[in-house]
Amino acid sequence: MKLQEIADKLELSGLTPVFDKDVTGVYISDMVSDIIANAKAGNLLVTVQVHANALAAANLVDVTAIVLAQGKQPAEDVLRMAAKHEIAIFTTALNRWQVATKLYEIGLR
Amino acid sequence: MTEELRRPRYELVDVKPGFVIIEKEMYTQAARAYFSSEPSPPKEPYREGSQVWGFWETAQALRFAVKDTATGEVTRFDELLGLMFYGACDPSSDLYQIGDLAQDNKISIYVAITYEAPDGSRVNIPMDKIRLLNRLYNERIRSANKKILILPDLFGLYRELTYGQIMLDFGLTAMDGPAPAGQQGEGA
């Protein structure tokens, strides 16, 4: 499923440009070490973690984009770094469970 | 291409969750770290020669090995404290500037930071292991033209970085951005 399609269906607020990429699955985690060990390339990462190291971990394993739940907002330098690495960051007022259920409802597994 | 052909050759195996325990020397404020699978490190200061070391900070982390599924060979990475992203460095640093240039060509640079040796230097990580890490992460990438380049610490970064710059999970301070300077490791 295309990233833009997901962003539209969940009414996510884009904090960076949205890159033309496919999303092949979802991983939910707030731990850098867990992301490194278990997230997969092409995943959409759902988290409340806004630390720059979460972006570093997401980039290492080539996640497609990051959805920040509960209205979390990263620092400007993190957004700049994400854009440079072509990892889109979105924010939403939904919590992680609500994001997960909505992603399931639109067909992501 | 079939799923079988797409299956990665290298796999993370024997992944053990644990803790990076950071200690500080009472007089010199030198810091050092070690991996523990126990969540409760010794909190009492202890003497080591003329030095007095005490618990300072802990971070959740993993210890792992990499398996080459083609040969069955398993390589442990016990000396690896963590990876540091170039973007975690000061923008005026050599590594940041090299990383910034490399990223223009879709190459993301990380540095493998190892644990301290007993003499205060760093444990060496063989170049073959660095190559293995690079293969592990690069073979999974789906984004077009993207590359990961993990380097050994050729820059001597361990002398000046803070533990907060390494990709570790530092308690609740990690939830809201970088920890204040006074809560990070020094001279990691």
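In what follows, every chain begins at residue 1, and chains take the letters A, B, ... in the order their sequences are listed.
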Hey, quick one: are [X] and [Y] part of the same hydrophobic cluster, counting side-chain heavy atoms closer than 4.5 Å, chains of contacts allowed?
{"X": "A:V67", "Y": "A:F19", "result": "no"}
{"X": "A:L108", "Y": "A:I89", "result": "no"}
{"X": "B:I113", "Y": "B:L149", "result": "yes"}
{"X": "B:I150", "Y": "B:M127", "result": "yes"}
{"X": "A:L94", "Y": "A:V50", "result": "no"}

Given heavy-atom pairs under 4.5 angstrom as the criterion, report whether the side chain, backbone, both or neither of [X] touches chain B.
{"X": "A:A75", "value": "neither"}
{"X": "A:K21", "value": "side chain"}
{"X": "A:T24", "value": "side chain"}
{"X": "A:I35", "value": "neither"}

Pairwise distance OG(B:S108) to CD1(A:I87) - rounded to 0.5 angstrom: 7.5 Å

Rounded to the nearest 0.5 Å, what's the gap from CG on A:L60 to CG on B:L133? Could you check? 9.0 Å

Step through the shown structure and confirm whether more than 12 heavy atoms of other residues, nucleotides or ligands are within 6.0 Å of [atom1] on [X].
{"X": "B:K106", "atom1": "NZ", "answer": "yes"}
{"X": "A:K9", "atom1": "NZ", "answer": "yes"}
{"X": "A:E76", "atom1": "CD", "answer": "no"}
{"X": "A:E11", "atom1": "CD", "answer": "no"}
{"X": "A:Y104", "atom1": "OH", "answer": "no"}

With a 4.5 Å cut-off on side-chain heavy atoms, are A:M81 and B:F85 touching? yes

Are the side chains of A:I36 and B:F64 in touch, meaning some heavy atoms are under 4.5 Å apart? no

Can a donor-acceptor pair be found, under 3.5 Å and without considering hydrogens, that links the side chain of B:D169 to the backbone of A:M31? no

Check for a donor-acceptor pair, side chain of A:N53 on one end and backbone N or O of B:G164 on the other, with a separation under 3.5 Å. yes

Partner chain A: residue of B:N138, B:V15, B:D100, B:L83 with the largest heavy-atom pair count (under 4.5 Å): B:D100

Using 4.0 Å as the upper bound for N to carboxylate O, is an ion pair formed by B:K146 and A:E86? no

Is a salt bridge present between B:R142 and A:D22, judged by a nitrogen-to-oxygen distance below 4.0 Å? no

Hydrogens and angles aside, do B:Y110 and A:N59 bring a side-chain donor and acceptor to less than 3.5 Å of each other? yes

For a quick test of reading the model, state the closest non-hydrogen atom pair linking B:L62 to A:A37 and the distance between them. CD1-CB, 3.3 Å

Name the region of B:I148, side chain, backbone, both or neither, that has any atom closer than 4.5 Å to a heavy atom of chain A. side chain

Are A:H85 and B:Y86 near enough that their ring centres are under 6.0 Å apart? yes

